[in-house]
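All values derive from a computational prediction rather than experimental measurement. Computed from heavy atoms alone, side chains included, the values below leave out hydrogens, waters and symmetry copies.
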Amino acid sequence: MEPIENIEIVFLTIDDYDDLKKAMVEAYSSMPGGNWEEEHIKTLIKKFPEGQVAIKVNDELAGCALSIIVDSQRLENKHTYNQIIGNYSFNTHRNKGDVLYGIEIFIRPKFRGLRLGRRLYDYRKELCERLNLKSIVFGGRIPNYYKYAEEITPKAYIEKVHMKEIHDPVLDFQLSNDFHPKKILKGYLEGDDESNEYAVLLEWNNIYYEETTDKAVNIKSVVRLGLVQWQMRLYKDLDEVMQQAEYFVDAVSGYRSDFALFPEFFNAPLMSEYNHLSEAEAIRKLADYTSDVVKRFSDLAISYNINIITGSMPEVVSGQLFNVGYVCKRDGGIERFEKLHVTPDEAKVWGLQGGQKLRTFDTDCGKIGVLICYDIEFPELSRLLANEGMDILFVPFLTDTQNGYSRVRNCAQSRAIENECYVAIAGSVGNLPKVHNMDIQYAQSIVFTPCDFAFPTNGIKAEATPNTEMILIADVDLSMLRELNQFGSVRNLRDRRSDLYSIINHKRTDTDL
């Protein structure tokens, strides 16, 4: 072969037909009559020009890729090649469909070994993302199956190819390009004796796909987080506490943050009025403020156009004391979360009970989760949230000593790595000498990331100054999580051995309480 001076992908035109026919005859020498008629190419170009491309080496046609767009419902049942292309009429193509269906791809023998096929697949993937389609799908031949047809089923053949026990030139290539088998199609391509007329329906999922909606909504890719490192000090009353809270909401919203995160028990200074009571009685008095605090936070979320994670507050339900918080959305929605695990001290001193409900929350910035302090030290919880599609995990916490803080910090960073998500932790600093069981606080608020090439090498996006009242602002890119899930150096979520173990969320009903 002469030295390569230029490789380019171009839109196929009808002027390329003679070269295309010659190339197809070479590529499909074992399948006589495998070339396309000129009228077929002309129809495809007219219906969907972006889907028909050729790759040229030194201006010589080296291969091509043809495709159409179909409705995903069409793929729910088994189909043949002729059915999917409408018997060469291509009336199955839908401009408003949601799946890119590959109907042809080949490289001429003389140009094989240059990884040109990968370039064509990369083009298809970019096209799929640009057109906001769910996936790329096609029926893949298994040309070496005829050698094993009398011994094993097509399913067993595919498994052995996947395990590298059998080499199949087509299927091996598809698997290396991130396609996964979806189903086996019998009688797919008439005359494909090498495959015994079997094919594997292969699929590549577009991780950037966004379902179309009639609502005027825009799910953001880059989300700005505002963390409040709250100073514990004595306040005269609830108005004074919420005045300080509004100050911080105003500050982080001034930076156009999408979320404001407050710490666990940030309103504990209000217990100073009840310091003459026992700790258990005092915290129940604090619970009397909770409904008012939530109402005020909701008003702030709306007026400052920001989603607020309220930190946590005590709440009495049916005579039992719980540690709860609220997601106050900027559209006016309010949703509740609970601390599921209580520390020995919280149970002993306050009589605090563990909650029963674990769930994610849908927001205008993606799906989030919230775990309160001690809960972050139990990896099963965040894994269940990750299984539901969580992108950002918020952790309001309250720790008195540095070793207690280290437990929260180190566990939170682990959760970011193992669940391929962002984790934001926010705590309180300072002292409360007039509140029993709340004497000292230690905190450093941080935003953690996974550890891979696209993220900071130490897995820390931003961190506050320890033990100082301040706000921390950080941007996180949700699209980077999608890339990590598919193409990361390690893929913690995808590589779990779910064949050996699983985590099951037993969701209790109200009657279980």
Could you give the distance from CZ (Arg330) to SG (Cys328), rounded to the nearest 0.5 Å?
13.5 Å

Who pairs with Phe265 by ring-ring contact (aromatic ring centres under 6.0 Å, His included), at least two apart in sequence or on another chain?
Trp350

Would you please classify the geometry between the Tyr274 ring and the Tyr289 ring as parallel, tilted or perpendicular, with 30° and 60° separating the classes?
tilted

Which residues satisfy the side-chain hydrogen bond (donor to acceptor under 3.5 Å, both in side chains) test with Tyr208, sequence neighbours excluded?
Glu483

Under the salt bridge (Lys or Arg N to Asp or Glu O under 4.0 Å) test, residues paired with Asp237 that sit two or more places apart:
none

Tell me, please, which residues at least two apart from Asp499 pass salt bridge (Lys or Arg N to Asp or Glu O under 4.0 Å).
Arg497

Non-neighbouring partners of Ile440 that pass side chain to side chain contact (heavy atoms under 4.5 Å, CB included), sequence neighbours left out:
Asp400, Asn431

Are Phe259 and Ile308 close enough that some pair of their side-chain heavy atoms sits under 4.5 Å apart?
no

Salt bridge (charged side-chain N to carboxylate O under 4.0 Å, His left out): which pairs involve residues 280-303, sequence neighbours left out?
Asp239-Arg296, Asp292-Arg296, Lys295-Asp299

Would you call Glu338 and Arg359 a side-chain contact if the rule is heavy atoms closer than 4.5 Å?
no

Check the angle between the aromatic planes of Tyr121 and Phe138 and answer parallel, tilted or perpendicular using the 30° and 60° thresholds.
tilted

Can you list every salt bridge (charged side-chain N to carboxylate O under 4.0 Å, His left out) pair that touches residues 418-432, not counting sequence neighbours?
Arg415-Glu418

Between Asp364 and Lys329, is the closest basic N to carboxylate O distance under 4.0 Å?
no

For residues 317-328, the salt bridge (charged side-chain N to carboxylate O under 4.0 Å, His left out) pairs (sequence neighbours left out) are none

Is a side-chain donor or acceptor of Glu279 paired with a backbone partner of Val349 at a separation under 3.5 angstrom?
no

Report the residues that fulfil ring-ring contact (aromatic ring centres under 6.0 Å, His included) with Tyr374, sequence neighbours left out, ordered by chain and then residue number.
Phe378

So with a 6.0 Å cut-off around OH of Tyr247, is the heavy-atom count from everything else above 12?
no

Side chains of Phe455 and Leu481: closer than 4.5 Å at any heavy-atom pair?
yes

So Phe361 and Phe337, would you call those rings parallel, tilted or perpendicular, with 30° and 60° as cut-offs?
perpendicular

Using the ring of each side chain (for Trp, its six-membered ring), is Phe248 parallel, tilted or perpendicular to Trp230, with breaks at 30° and 60°?
tilted

Does a donor on one side chain sit under 3.5 Å from an acceptor on the other, for Asn387 and Arg496?
yes

Output yes when a side-chain donor or acceptor of Thr343 lies under 3.5 Å from a complementary backbone atom of Glu346, and no otherwise.
yes

Does the side-chain contact (heavy atoms from CB on, under 4.5 Å) test come out yes or no for Val99 and Ile69, once each step is laid out?
CA-CA 6 Å; Val99 171; Ile69 299 175; over 6 Å; no

With sequence neighbours left out, the residues meeting salt bridge (Lys or Arg N to Asp or Glu O under 4.0 Å) with Arg383 are none

Considering only distance and modelled atom types, tabulate donor-acceptor pairs under 3.5 Å from the side chains of residues 390-399, sequence neighbours left out.
residue, atom, partner, partner atom, Å
Asp391, OD1, Arg482, NH1, 2.9
Asp391, OD1, Arg482, NH2, 3.3
Asp391, OD2, Arg482, NH2, 3.0
Thr399, OG1, Tyr442, O, 2.7

Partner residues of Phe48 under the ring-ring contact (aromatic ring centres under 6.0 Å, His included) criterion, sequence neighbours left out
His93

